[in-house]
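Single-structure report; data block below.
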Amino acid sequence: MKIGFIGLGIMGKPMSKNLIKAGHELVVYDIVKENVEDVVAAGAKAAGSVKEVAEQCSLIITMLPNSPHVKTVVMGEGGILEGAKEGTVLVDMSSIAPLASQEIARACAAKGVKMIDAPVSGGEPKAIDGTLSIMVGGEKAVFDEVYDVLMKMGASAVHCGDIGAGNTTKLANQVIVALNIAAVSEAFMLAKKAGVDPHLVFDAIKGGLAGSTVMNAKAPMMMDGNFKPGFKIDLHIKDLNNALETGHGVGSPLPLTAAVMEMMQTLKSDGCGQDDHSALAKYYQKLTGTEIRG
Ligand code: NAD
């Protein structure tokens, strides 16, 4: 099946390559030329614009930073809806606000385009392995139609409800990840300041109740002082913003999320927005003047 893929960044690049490996013909577009060249070298065909992708493909995947980018690419001038035929399926895999997914899906429906929101969890390593966790909102029939394609990029794809439900699930995921990284940072700094080697703390507790996928992935980065992204602080701020806005909208206060958000904002102001989100450890390093590393 010929698939359009728009947004070839940290995630979109390996995801699109997995579709090529699975035998799909891909037509790709990104505003960054080098990203397009990289995926073309793996076997994709480059389109000159978003509209051109839409004209050529009846299944289109988008993997863009946030709501405004997806709105522009889908609803903007020269966007997907200008080129798409009736019956085209749009799978937006970006992490965006659930309300934005609903607004974009309404504009799609008016042109006979069927949209689902299908954000992912797992980060670059799982995007490369094709083992992402995919959470989907939208019509079940459309989910069923694209399930096999989703499973070329993921280890699981779960239909969570109507349009926007995928992104609501992703916000829950991002709240848990952010708070867990903050907790690991706080606890490892406590150990370091109290004179216990964080490596030994990690070995001692990782198999117990405090153990987590987040701790396994992020504690070694903190102990190495390696904050190369991965998932950037700037993108996590975007997700927590969407979580806070959604929480306020539905009457679900998020006090812990608000606290970690301010920690991330502090780091951003300090020039760390492009660091991996494990750089929350740096917040504690600033408070104590001590590094977890070493
Ligand atoms: P990224 O910034 O690396 O990639 C985004 C890509 O979109 C870039 O290549 C950019 O050039 C392109 N783009 C932006 N505007 C465009 C436009 N108008 N037309 C065409 N291309 C355009 O971001 P990423 O890390 O790949 O993340 C993408 C999405 O996936 C985000 O919503 C992010 O929150 C989510 N996500 C990321 C990770 C991760 O670990 N990086 C994990 C899970 C989910």
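No hydrogens, no waters, no symmetry mates; every other heavy atom, side chains included, goes into these values. From a predicted model like this one, the values you see are computed outputs, not experimental measurements. Atoms within each ligand, like the ligands themselves, are counted from 1 in listed order.
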Polar-atom distance check: [X] versus ligand 1, any N or O pair below 3.5 Å?
X	answer
Asp30	yes
Asn35	yes
Met11	yes
Lys238	yes

* Would you say Ser101's side chain and Gly164's backbone share a donor-acceptor pair under 3.5 angstrom? -> no

message = Keeping His277 on the side-chain end and Ala178 on the backbone end, is there a donor-acceptor pair under 3.5 Å?
response = no

Using a strict cut-off of 4.0 Å, indicate which atoms of ligand 1 neighbour a heavy atom of [X].
X	result
Gly123	40 (O), 42 (C)
Gly230	40 (O), 41 (N)
Val120	43 (C), 44 (C)
Val32	11 (O)
Leu8	9 (O)
Lys170	43 (C), 44 (C)

- request: Run the numbers on Ser58 and Val89 for side-chain contact (heavy atoms from CB on, under 4.5 Å), then give the verdict.
  value: CA-CA 6 Å; Ser58 52; Val89 172; over 6 Å; no

For [atom], grab the closest protein heavy atom and report residue, atom and distance to one decimal in Å.
atom	result
atom 4 (O) of ligand 1	Gly9 CA, 3.2 Å
atom 39 (C) of ligand 1	Phe231 CD1, 3.2 Å
atom 3 (O) of ligand 1	Ile10 N, 2.9 Å
atom 35 (C) of ligand 1	Ser95 OG, 3.5 Å
atom 18 (N) of ligand 1	Val73 CG2, 3.5 Å
atom 23 (O) of ligand 1	Leu235 CD1, 4.1 Å
atom 20 (C) of ligand 1	Ile31 N, 3.6 Å
atom 2 (O) of ligand 1	Pro65 CG, 4.3 Å

Residue pairs meeting salt bridge (charged side-chain N to carboxylate O under 4.0 Å, His left out), one or both in residues 220-239, sequence neighbours left out, come to Asp234-Lys268

Closest to atom 30 (O) of ligand 1 (heavy atoms only, candidates Lys33, Met15, Met63) is Met63

A student comparing Val28, Val177, Ile6, Leu64 should find that the heavy atom closest to atom 7 (O) of ligand 1 comes from Leu64

Check your understanding: Going by heavy atoms, is Thr72 under 4.0 Å from ligand 1?
Key -> no

- Please verify whether a non-hydrogen atom of His236 lies at under 4.0 Å from ligand 1. no

Practice problem: With the side chain counted from C-beta on, respond yes when Val28 and Val53 share a heavy-atom pair under 4.5 Å apart, and no when they do not. | Solution: no

| task | Report yes if some heavy atom in the side chain of Val136 is under 4.5 Å from a heavy atom in the side chain of Asp117; otherwise report no. | result | no

Going through the distances and angles, do Met63 and Met15 end up as a side-chain contact (heavy atoms from CB on, under 4.5 Å)? CA-CA 9 Å; Met63 193 54 171; Met15 289 163 71; 3.9 Å; yes

- What do the steps show when you test Lys71 against Glu103 for salt bridge (charged side-chain N to carboxylate O under 4.0 Å, His left out), and what is the final call? CA-CA 9 Å; Lys71 282 187 192 175; Glu103 182 189 338; 3.0 Å; yes

Is a side-chain donor-acceptor pair under 3.5 Å present for Glu186 with Tyr284? yes

*asked:* Working note: Asp276 + Asn226, criterion side-chain contact (heavy atoms from CB on, under 4.5 Å); need CA distance, chi angles, decisive distance, verdict.
replied: CA-CA 9 Å; Asp276 188 75; Asn226 162 27; over 6 Å; no

- Task: Decide whether a cation-pi geometry holds between Lys206 and Phe202; the criteria are a distance under 6.0 Å from NZ or CZ to the six-membered ring centre and an angle within 45° of the ring axis.
- Result: yes

(request) Decide side-chain contact (heavy atoms from CB on, under 4.5 Å) for Lys2 and Val27; before the verdict, give the C-alpha distance in whole Å, the side-chain angles of both, and the deciding distance to 0.1 Å. (result) CA-CA 7 Å; Lys2 194 165 166 180; Val27 179; 3.7 Å; yes

Correct closest heavy-atom pair for Ser278 and Met221 would be OG-CE, 3.7 Å

